[in-house]
2 protein chains.
Amino acid sequence: MNKNHAVTAQDVATKAGVSRAAVSRTFTNNGSVAKETREKILKAAQELGYQVNFLAQGLNRKRSQLIGVVVARLSDPFRSRLLEGLLSEIQNKGYQALVTEIGNPKDLEETIRRFTQFRVSGVVVTSGQPPTGLVKECVQHNIPVVGINRHMDIKDVDFICSDNQMGATLAAQQLIDSGCHKLAWLNYKESTWSGVSRGEAFRNAIEQKQAEQVLNLIQITALQDGYEGGRSAAKLFCRSDERVEGVFCANAQLACGFLDGMREEGFDAPRDFHLIGFDDTELTAQYSYRLTTIGQDIEETAARALSCLEARGRDATTEPRFEVVPVKLVLRNTSPALFC
Amino acid sequence: MNKNHAVTAQDVATKAGVSRAAVSRTFTNNGSVAKETREKILKAAQELGYQVNFLAQGLNRKRSQLIGVVVARLSDPFRSRLLEGLLSEIQNKGYQALVTEIGNPKDLEETIRRFTQFRVSGVVVTSGQPPTGLVKECVQHNIPVVGINRHMDIKDVDFICSDNQMGATLAAQQLIDSGCHKLAWLNYKESTWSGVSRGEAFRNAIEQKQAEQVLNLIQITALQDGYEGGRSAAKLFCRSDERVEGVFCANAQLACGFLDGMREEGFDAPRDFHLIGFDDTELTAQYSYRLTTIGQDIEETAARALSCLEARGRDATTEPRFEVVPVKLVLRNTSPALFC
DNA sequence: TTGAAAGCGCTACCAG
DNA sequence: CTGGTAGCGCTTTCAA
């Protein structure tokens with residue numbers, strides 16, 4: 001077999017009877033190598049089982065083919081779907097994902113620091129509010145940063161975001177067309193930027209429609225996030241005297257919880273009210289929920305994120321982008337299609 | 001501010017008036033450094049914002065503080081929970097996770113190769129059957145490998161596995177104690193080792209009980225995996241003449257799907273039959289399912305996986321471990337607690 | 001097109 | 001305890 005020691009470019013060079021510079025060139029498609037030489041090298045490498053040492057390569061280039069990904073609460077199906085999409089895109093582009101989960105936003109600092117220590121080629125933030133200072137550090141280190149479904153006022157950071165405006169408008173349209181007049185917006189008390197932004201867009205959409213007919217919009221606030229938050233919100237809501245005909249939720253987990261909470265209280269959709277959630281996940285499609293949702297285009301989002309990273313990697317002074325990815329209305333049982 | 005160039009150990013050394021060897025020592029807690037010197041260095045480092053370059057460090061040590069994690073189908077809540085647990089453990093122990101998702105088992109080869117190129121400190125395989133040859137390659141490179149919820153006959157690889165035997169026995173016990181005589185085992189046609197193993201254990205448990213009373217066990221085979229697999233299996237099953245009182249499923253997704261499929265056909269648990277699934281996830285706890293499940297101890301599993309990696313990292317010739325993690329029965333609505 | 005050589009930033013050994 | 005030094009394996013000018 002092979003010697004116990006890992007096989008290096010020098011080994012290949014020796015075996016092929018060339019310099020190790022030539023080996024490097026063939027493997028990085030960088031300099032020019034005579035076709036014949038190249039083949040000799042490839043053959044030798046093959047036989048020896050040579051593989052580039054990424055650590056050494058990165059050290060030299062001052063840049064690894066690693067991409068840092070910041071995630072949180074993977075138990076939320078949407079978040080894990082997003083991670084899945086990112087992983088797939090990252091791998092397709094020939095990078096490797098360095099994934100860090102942050103429990104509380106404070107961890108983000110240490111995380112990003114770690115990323116820089118690995119000289120990552122880019123950082124994707126899908127959770128937490130990147131502390132401005134830290135991101136600046138990345139920018140200083142010349143590491144591109146892209147945020148997904150969030151926004152901050154930081155120079156030189158790109159953002160990819162689902163079209164909350166469009167989503168809210170589609171939802172409002174659907175609810176109103178279904179004949180709902182008493183509408184509600186359900187969101188978590190300490191919602192992220194995404195949630196807030198969806199709420200504002202929904203309110204705006206409703207206000208526009210108010211020119212044509214009388215509409216009523218209330219706000220339901222969940223004290224927790226996720227499924228349980230939605231569920232308790234529903235129970236609390238039922239105990240109030242308010243009634244509502246159409247509900248739009250900041251995310252799918254909240255929506256599923258709300259639906260279940262209402263069911264526990266004896267109400268159901270679409271019989272007693274209509275319900276639309278943001279984030280189309282496997283869960284929302286399941287028979288017991290069949291939630292009408294706003295579907296985000298995860299593949300597109302991931303693709304654009306990577307493309308931002310690469311663009312800014314090439315030229316750090318690119319004009320910061322804020323890209324909006326179209327969403328679509330996925331009609332299911334909780335607010336069914338209209339047959340007019 | 002700082003010079004544009006990243007600050008190196010040499011910069012710190014110069015500023016502190018020591019050699020860069022001393023800097024290295026303080027930051028790796030390796031050699032011995034006078035307390036005073038150490039403080040000088042730390043201070044200088046602080047002021048300069050020095051951070052170890054992990055690429056250089058890894059290159060030297062021939063080992064990075066990276067741990068490779070192989071995952072698949074993160075859309076399955078159990079899998080994403082497991083990843084979450086692993087990430088948390090990996091980070092707590094001071095490593096960073098290099099996560100790769102593999103679509104089909106063929107990708108595993110390239111993946112593991114990439115891992116070795118980064119000189120990872122270990123590899124956790126949560127999906128796919130690691131091709132023996134590849135794992136051997138890791139072992140040759142002296143990279144510890146641990147598999148979770150799977151098993152192969154490879155020398156020098158450790159395995160951590162939920163106690164399928166115990167889970168199946170608990171499930172059998174519960175169903176029988178609830179008065180079920182006609183039992184069924186539901187699994188995906190091309191199930192992984194875990195599923196198969198759970199099925200065998202269930203069969204055994206039933207057979208043991210048969211000494212005491214007349215029991216009947218049939219097998220329901222899902223043609224797809226996951227929720228949809230369970231759902232179609234239920235529909236198919238209902239169309240047959242078979243009837244069943246207690247069903248045990250290889251995993252939670254299958255179980256949820258089966259339940260929904262049965263509901264679509266007008267049956268429900270626990271009214272018409274009892275149902276127990278493997279994998280306790282957030283989904284199974286939700287009101288619309290409230291599935292009785294066998295709960296795996298993910299934190300414990302992750303902790304043991306890491307501990308195996310570290311043990312084998314220290315001494316590659318450790319006796320291969322096959323560790324079994326206890327599970328527990330989580331009683332919910334689909335097979336409620338007995339009050340005897 | 002090719003090879004020699006100068007590092008990338010850090011660790012670890014060895015002598016002092 | 002400390003500093004000098006020899007690499008780790010690769011990339012990338014620079015001449016030839």
Side-chain angles (χ1 to χ4, degrees), chain A residues 2-42 44-45 48-66 116-121 141-142, chain B residues 2-42 44-45 48-66 116-121 141-142:
Chain A
N2 292 333
K3 51 212 125 194
N4 189 6
H5 225 53
V7 23
T8 96
Q10 182 61 69
D11 298 335
V12 177
T14 309
K15 173 150 186 149
V18 297
S19 75
R20 74 166 175 257
V23 177
S24 175
R25 284 192 209 102
T26 31
F27 275 88
T28 58
N29 301 315
N30 207 346
S32 51
V33 189
K35 194 174 176 182
E36 205 177 293
T37 318
R38 169 190 212 78
E39 278 167 4
K40 260 196 313 198
I41 293 177
L42 253 22
L48 260 35
Y50 169 73
Q51 299 157 224
V52 176
N53 179 328
F54 287 153
L55 262 19
Q57 181 181 75
L59 175 58
N60 240 291
R61 299 215 185 140
K62 301 174 183 316
R63 191 106 303 163
S64 64
Q65 17 183 332
L66 255 22
T116 69
Q117 301 193 82
F118 275 111
R119 298 291 184 266
V120 296
S121 289
H141 276 270
N142 204 12
Chain B
N2 291 334
K3 50 213 124 194
N4 190 7
H5 227 51
V7 26
T8 97
Q10 182 61 68
D11 299 334
V12 177
T14 309
K15 171 150 189 151
V18 297
S19 76
R20 74 167 175 254
V23 177
S24 175
R25 282 191 212 103
T26 39
F27 275 88
T28 59
N29 303 313
N30 207 345
S32 50
V33 189
K35 195 175 175 184
E36 205 178 293
T37 318
R38 172 191 208 75
E39 278 166 6
K40 259 194 318 194
I41 293 176
L42 252 23
L48 259 38
Y50 170 72
Q51 297 157 225
V52 176
N53 180 329
F54 287 152
L55 262 20
Q57 182 181 75
L59 175 58
N60 247 292
R61 301 235 251 244
K62 297 175 186 316
R63 190 107 304 160
S64 64
Q65 15 183 334
L66 255 22
T116 70
Q117 294 185 258
F118 275 111
R119 298 291 185 265
V120 296
S121 289
H141 275 271
N142 202 13

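We name chains A, B, ... by the order of the sequence lines, and we start the count at 1 in each one.
Atom P of nucleotide D:dC8 and atom CG of A:Asp11 are separated by 11 Å, given to the nearest angstrom. With rounding to whole Å, B:Leu59 atom CG is found 4 Å from D:dC8 atom C1'. Atom C1' of nucleotide C:dT1 and atom CD of A:Glu39 are separated by 15 Å, given to the nearest angstrom. Rounded to an integer number of Å, the gap from B:Asn60 CG to C:dT11 C1' is 4 Å. C:dG9 atom C1' lies 15 Å from atom CD of B:Gln65, rounded to whole Å. Distance CZ (A:Phe118) to P (C:dG9): 16 Å, rounded to an integer number of Å. Note: CZ (B:Phe54) to C1' (D:dC8) measures 17 Å, nearest angstrom. At whole-Å resolution of the value, CG in A:Leu48 and C1' in D:dG9 are 15 Å apart.
Using a 4.0 Å heavy-atom criterion, one finds that B:Thr8 contacts the sugar-phosphate atoms exclusively. Looking at heavy-atom distances under 4.0 Å, B:Val18 makes contact with sugar-phosphate atoms alone, never a base. Among the heavy atoms of the strands lying under 4.0 Å from A:Val33 are primed sugar atoms or P, OP1, OP2 only; no base atom is included. Among the atoms of the strands shown, base atoms are found under 4.0 Å from some heavy atom of B:Ala21. If you check every strand for non-hydrogen atoms under 4.0 Å, A:Tyr50 touches sugar and phosphate atoms only.
Each of B:Ala56 and B:Thr37 has a nearest nucleotide on DNA chain D; the 5'-most of these lies closest to B:Thr37. Each of A:Gly31 and A:Arg20 was assigned the nucleotide of DNA chain C with the nearest heavy atom; the assignment lying further toward the 5' end belongs to A:Gly31.
Panel note: side chain B:Ser64, backbone B:Gly58; no donor-acceptor pair is recorded below 3.5 Å.
Of all the heavy atoms in B:Arg63 and B:Val120, the pair that sits closest is NE-O, 3.6 Å.
Taking 4.0 angstrom as the limit, B:Lys62 places none of its side-chain polar atoms (N or O) nearer than this to OP1 or OP2 of C:dT11. In this structure, B:Asn30 reaches the C:dA12 phosphate: one of its side-chain N or O atoms is under 4.0 Å from OP1 or OP2.
Comparing D:dG3, C:dC10, D:dG9 by their closest approach to the side chain of B:Ser19 singles out D:dG3. Of all nucleotides listed (D:dT11, C:dT11, D:dG3), D:dG3 comes nearest to the side chain of B:Ala22. Closest approach to the A:Ser24 side chain among D:dT12, D:dT2, C:dG9 is made by D:dT12 (side chain taken as heavy atoms from C-beta onward). Side-chain proximity of A:Ser32 to the nucleotides D:dC1, C:dT1, D:dT11 is greatest for C:dT1.
One can find a donor-acceptor pair under 3.5 Å joining the base of C:dG3 and the side-chain atoms of A:Arg25.
By the 4.5 Å heavy-atom criterion applied to side chains, B:Val7 and B:Lys15 are not counted as neighbours.
Distance CZ/A:Arg25 to CZ/A:Arg38: 12.0 Å, rounded to 0.5 Å. Within the model, atoms CG of B:Leu55 and CG of A:Leu66 stand 8.0 Å from one another, a figure rounded to the nearest 0.5 Å.
Below 30°, between 30° and 60°, or above 60°: for A:Tyr50 and A:Phe27 the angle between ring planes is above 60°, a perpendicular geometry.
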